[in-house]
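The structure presented is a predicted model; accordingly, all values stated were derived computationally and were not measured. Chain letters run A, B, ... following the sequence lines, proteins first and then strands; every chain starts at 1.
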There are 2 protein chains.
Amino acid sequence: MAELAKALSHPARIAILKLLAEMDTCICGEIVQELPLAQSTVSQHLKELKACGLVQGEIDGPRSCYCINWDAMKELRDSIGILFTGLERGNRNKCC
Amino acid sequence: MAELAKALSHPARIAILKLLAEMDTCICGEIVQELPLAQSTVSQHLKELKACGLVQGEIDGPRSCYCINWDAMKELRDSIGILFTGLERGNRNKCC
DNA sequence: GATATCAATCGTATATTTACGATATTAGAT
DNA sequence: ATCTAATATCGTAAATATACGATTGATATC
């Protein structure tokens with residue numbers, strides 16, 4: 001879980017995930033155009049997102065096609081959900 | 001949001017949050033006992049969790065009392081939720 | 001006031017992350 | 001076969017994160 005959270009711990013990667021989530025077409029280097037980062041840097045972030053499973057990649061001719069792995073996103077949401085069980089119970093603290 | 005995610009990006013901090021969420025009493029140095037880390041390290045993690053608002057602290061005599069800030073947790077859940085709108089729509093990808 | 005306890009902070013060594021330019025790789029176009 | 005465009009990878013510098021021991025600070029107890 002910490003691993004998945006780490007993927008979300010950088011603004012650039014969140015921006016990438018948002019882009020992929022919004023565009024239904026799985027863009028590739030269009031991401032580079034949208035972000036103020038070098039191509040190699042974006043490629044590196046995409047690699048990390050792919051490594052932890054949050055996105056999938058497909059080599060489509062000379063260009064690459066990335067898209068969100070919604071199953072992994074579901075897992076992420078569920079695992080984070082554990083932390084919020086207290087919210088549903090309306091937990092209040094004894095002190096603080 | 002990246003800032004909050006970063007707080008969750010380390011196993012020790014997740015462990016601390018879980019401890020605080022489970023025990024209704026706001027423990028302090030008991031956390032040190034539960035984790036295989038030095039006191040100073042735990043203190044540092046607590047400081048980070050406090051800095052991003054996920055936990056609150058109170059100095060109670062010679063000891064410190066920490067507890068979860070449930071409002072901040074709610075915000076975290078909501079902000080992360082943005083990424084999952086596609087899940088509710090049953091999003092499927094065009095490719096990959 | 002001296003002492004003990006709990007926790008925060010400091011200093012520091014090591015590891016990891018981040019970003020970039022340069023280079024390599026791949027496949028379509030000429 | 002060559003050239004071009006889109007990406008991935010490599011090498012590397014700078015910044016940040018992590019962990020620890022040592023020290024400091026605060027408060028209760030003797």
Side-chain angles (χ1 to χ4, degrees), chain A residues 1-20 23 25-69 93-96, chain B residues 1-20 23 25-69 93-96:
Chain A
M1 162 168 178
E3 198 187 357
L4 290 179
K6 190 179 297 184
L8 302 182
S9 74
H10 195 286
R13 285 193 292 272
I14 291 183
I16 290 174
L17 284 175
K18 272 194 189 169
L19 281 173
L20 290 177
M23 318 214 182
T25 146
C26 310
I27 43 175
C28 39
E30 293 171 77
I31 301 171
V32 178
Q33 305 247 311
E34 298 286 338
L35 301 183
L37 293 169
Q39 176 263 324
S40 61
T41 307
V42 172
S43 198
Q44 206 170 314
H45 282 306
L46 281 167
K47 188 179 175 183
E48 282 176 67
L49 287 170
K50 202 172 160 186
C52 76
L54 284 180
V55 310
Q56 292 172 301
E58 211 175 50
I59 299 165
D60 172 27
R63 66 203 65 203
S64 291
C65 167
Y66 286 99
C67 55
I68 287 195
N69 180 351
N93 288 314
K94 307 284 180 290
C95 55
C96 297
Chain B
M1 161 167 179
E3 198 186 357
L4 291 179
K6 191 179 297 184
L8 303 183
S9 74
H10 195 285
R13 286 193 291 272
I14 291 183
I16 290 174
L17 284 175
K18 272 193 189 171
L19 280 173
L20 290 177
M23 318 214 181
T25 146
C26 307
I27 43 172
C28 40
E30 293 173 75
I31 302 172
V32 178
Q33 306 247 309
E34 298 286 339
L35 301 183
L37 293 170
Q39 177 264 321
S40 60
T41 306
V42 171
S43 199
Q44 206 170 313
H45 283 306
L46 281 167
K47 188 181 176 183
E48 284 176 65
L49 287 171
K50 203 172 160 186
C52 75
L54 284 180
V55 309
Q56 290 172 300
E58 211 175 48
I59 298 165
D60 173 27
R63 67 202 66 202
S64 292
C65 167
Y66 287 100
C67 55
I68 287 197
N69 181 350
N93 288 314
K94 308 285 181 291
C95 56
C96 298

Exercise for review: Find the bend of the helix from C:dG1-D:dC30 to C:dT30-D:dA1 as the angle between its two terminal axes (five pairs each), to the nearest 10°.
Suggested key: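 The helix from C:dG1-D:dC30 to C:dT30-D:dA1 shows an end-to-end axis angle of 10°.
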
Point to revise | Residues forming a salt bridge (charged side-chain N to carboxylate O under 4.0 Å, His left out) with B:E30, sequence neighbours excluded | key: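 Salt bridge (charged side-chain N to carboxylate O under 4.0 Å, His left out) check on B:E30 returns nothing, list empty.
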
Point to revise | B:E48: partners by salt bridge (charged side-chain N to carboxylate O under 4.0 Å, His left out), with sequence neighbours left out | key: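 Salt bridge (charged side-chain N to carboxylate O under 4.0 Å, His left out) check on B:E48 returns B:R13.
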
Review point. Does CD in A:E3 sit with more than 12 non-hydrogen atoms of other residues, nucleotides or ligands closer than 6.0 Å?
Key: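 Atom CD in A:E3 is not crowded, with 12 or fewer foreign heavy atoms closer than 6.0 Å.
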
Distances under 3.5 Å between nitrogen or oxygen atoms of protein and nucleotides 12-15 of chain C:
none

Review point. Earliest and latest nucleotide of DNA chain D, 5' to 3', sitting under 4.0 Å from a non-hydrogen atom of chain B?
Key: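 With heavy atoms of chain B under 4.0 Å away, the range is D:dA17 to D:dA28.
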
Practice item. Could you check whether B:S64 gets within reach of a base, just the sugar-phosphate, or nothing at all, counting any heavy atom under 4.0 Å? Key: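 Sugar-phosphate, backbone atoms only, no base.
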
Practice item. Please work out which residues in residues 44-56 of chain A have a non-hydrogen atom less than 4.0 Å from an atom of DNA chain D and list them by number. Key: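 Residues of residues 44-56 of chain A under 4.0 Å from DNA chain D: A:K47.
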
For [X], give me all partners under side-chain contact (heavy atoms from CB on, under 4.5 Å), at least two apart in sequence or on another chain.
X: A:S43; answer: A:Q39
X: B:T41; answer: B:L37, B:A38, B:H45
X: B:I31; answer: B:I16, B:L19, B:L20, B:I27, B:L35, B:V42, B:L46
X: A:K50; answer: A:V55, A:Y66

Check your understanding: Hey, what do you get for CD1 (B:I68) to CG (B:L49), rounding to the nearest 0.5 Å?
Key ->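 Rounded to the nearest 0.5 Å, the CD1-CG separation comes out at 9.0 Å.
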
Review point. Which distance, rounded to the nearest 0.5 Å, do you find between the CD of B:E34 and the CE of B:M23?
Key: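 One gets 5.0 Å once the value is rounded to the nearest 0.5 Å.
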
Check your understanding: Think A:T41 has a side-chain N or O under 4.0 angstrom from the OP1 or OP2 of C:dA19?
Key ->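 Answer is no, no contact under 4.0 Å.
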
Check your understanding: Is the distance from OP1 or OP2 of C:dA8 to the nearest side-chain N or O of B:Y66 less than 4.0 Å?
Key ->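 The answer is yes; a side-chain N or O of B:Y66 sits under 4.0 Å from OP1 or OP2.
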
Exercise for review: Could you tell me which non-hydrogen atom of A:I59 sits nearest to which non-hydrogen atom of A:S64, and how far apart they are?
Suggested key: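 So the minimum-distance heavy-atom pair works out to CG1-OG, 4.3 Å.
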
Point to revise | Protein-to-nucleotide contact annotation, 5' to 3' order, nucleotides 22-29 of chain C [B base; S sugar-phosphate only; - none; under 4.0 Å, heavy atom] | key: B----S--

Review point. Of B:A38 and A:G29, whose nearest nucleotide on DNA chain D comes first from the 5' end?
Key: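 The residue mapped nearer the 5' terminus is A:G29.
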
May I have the list of side-chain donor-acceptor pairs in residues 5-12 of chain A shorter than 3.5 Å, sequence neighbours left out?
residue: A:S9; atom: OG; partner: A:K6; partner atom: O; Å: 2.7
residue: A:H10; atom: ND1; partner: A:A12; partner atom: N; Å: 3.0

Point to revise | Rounded interatomic separation in angstrom, taking CZ from B:R63 and P from C:dA4 | key: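 So the two atoms are 17 Å apart, to the nearest Å.
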
